[in-house]
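In what follows, chains carry the letters A, B, and so on, assigned in the order in which the sequence lines appear, proteins first and then strands, with residues in each chain numbered from 1. Since we're looking at a predicted model, the values are computed, not measured. No hydrogens, no waters, no symmetry mates; every other heavy atom, side chains included, goes into these values.
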Protein chains: 2
Amino acid sequence: MKKISTPYHHGNLRQALLEIAVKLIRERGADALTIREVARRAGVTHTAPYRHFKDKASLLAAVAREGFEMMVKETKDQFSRTTQDALARLKVCGIAYIEFAIHNPARYRVMFGTGRPHGKNSALRKASEASFGLLLECIKECQKEGTVRPGEPMEMALAAWSIVHGFSMLFIDNQIREKGLFAADRESMMDVVVDHLYAGFKPN
Amino acid sequence: MKKISTPYHHGNLRQALLEIAVKLIRERGADALTIREVARRAGVTHTAPYRHFKDKASLLAAVAREGFEMMVKETKDQFSRTTQDALARLKVCGIAYIEFAIHNPARYRVMFGTGRPHGKNSALRKASEASFGLLLECIKECQKEGTVRPGEPMEMALAAWSIVHGFSMLFIDNQIREKGLFAADRESMMDVVVDHLYAGFKPN
DNA sequence: ACCTGAACACCGTTCAAGT
DNA sequence: ACCTGAACACCGTTCAAGT
């Protein structure tokens, strides 16, 4: 009888651990994420993950980093299906951001929920800066186009980020449905919020 | 020799535990909050807290609830120092909200960071609804006054909440300073965000 | 290189017992 | 009523050892 080869050699354990981690958070909450449980589900010893991640925090950081990269990719994909109109792209930024959060609440919470800044982890930092950069560029282009009023783009990007982030957080934390805020569907809530956002950007 | 009386009888243990919990989160992060450590600092056995809180989650819920109550109180205090002008009160809502978050980041994170809704805990739920209610009332009054455009107040309150919550979260998570977003001081950042918010509320 | 097994110092929670 | 001490089933992390 041939030996059944063990599944996670040759470098795919790292990716497997990441996927299991996300699934675990999604299914059972952030508290249920333990290195030992991830290892168990991957079929390896509880110390094996330490070959790929320094500690639990850096496993979470890797999950977060992937998240920012996914978000950027999805936004760019939407861009390519959009007119050259910079204002349209700016709206896509907002919508894509919120949609990512709503469709990946577990991962989104990891991306922002740590309470710890990204400071030291440069890969994570770069990924999150790329995401913010997309928004910033859109705003600058809109200003050139004349579809967004003049003003410090950094400040405007901050206001824009605040509102989409705030809405996303409240939404995935159930604060919105819980308060009976809306019988309305997600789509129209998103539109309300994003429209409000751009109302503040209109040129005079 | 008289026995030294033990400090936490007669019902003040509960309050002591809450204060220690907040201090612990503030000083060493949310991960450092353990029931055992709280008990240790209070000078009681690690099982004593269970007389006052069902489990760790309900200790955290109590910390969160106190937070919402503090926020409402501080906002009302500011109201009493303000003109009858409803628009001025609306701005106070935004500023007081952000200031609370900035001055109590640890507690603020507990108030929103659980990932778990407040659903079951009715005291917590009521406290957070009171906070939202303040904002909602202000918007309605402004509409009567004509200083905020007509529209579903619930939707407008949601947009307002999103932006102050988003800004607060980004700020206390260090996402803002980390990205080199502003050399500017807090005050002016807050003003930018809040001004942007109210720009979207202006009547035509 | 990658993985294991034992070990250490912790957790949250329960429960019978003490005053 | 309020608190204790032992116990249980977990953690994260380290380290010497195996292939």
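- Between B:Phe112 and B:Phe68, the gap from one ring centroid to the other is short of 6.0 Å.
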Return a single string for nucleotides 12-19 of chain C, one symbol per nucleotide in 5' to 3' order, where B is base contact, S is sugar-phosphate-only contact and - is none, cutoff 4.0 angstrom on heavy atoms. BBB-----

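- Side-chain atoms of B:Glu141 and B:Gln84 form no donor-acceptor pair, as typed in the model, at a separation below 3.5 Å.
- Remark: A:Glu66 engages A:Arg107 in a salt bridge, criterion side-chain N to carboxylate O under 4.0 Å.
- For D:dG12, the paired nucleotide is C:dC8, the pair qualifying as Watson-Crick or G-U wobble because both relevant distances are below 3.5 Å.
- Under 4.0 Å is where a charged nitrogen must lie from a carboxylate oxygen, and between A:Lys140 and A:Glu152 no such pair does.
- Computed from coordinates, the B:Asn12 CG to D:dA1 P distance equals 18 Å when rounded to whole Å.
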Before you tell me yes or no, could you show the steps for B:Phe132 and B:Tyr97 under ring pair (Phe, Tyr, Trp, His ring centres under 6.0 Å), namely the whole-Å CA-CA distance, both residues' side-chain angles and the distance that decides it to 0.1 Å? CA-CA 10 Å; B:Phe132 185 75; B:Tyr97 188 101; over 10 Å; no

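- A search for side-chain hydrogen bond (donor to acceptor under 3.5 Å, both in side chains) contacts involving A:Asp77 returns A:Lys73, not counting sequence neighbours.
- Following rounding to the nearest Å, B:Arg14 (CZ) and D:dC3 (P) show an atom-to-atom distance of 13 Å.
- Shown here, C:dC2 forms a base pair with D:dG18; the pair counts as Watson-Crick or G-U wobble because both key distances fall under 3.5 Å.
- We find that CG of A:Asp31 is positioned 12 Å from C1' of D:dC11, with the value rounded to whole Å.
- At whole-Å resolution of the value, CG in A:Leu60 and P in D:dC11 are 15 Å apart.
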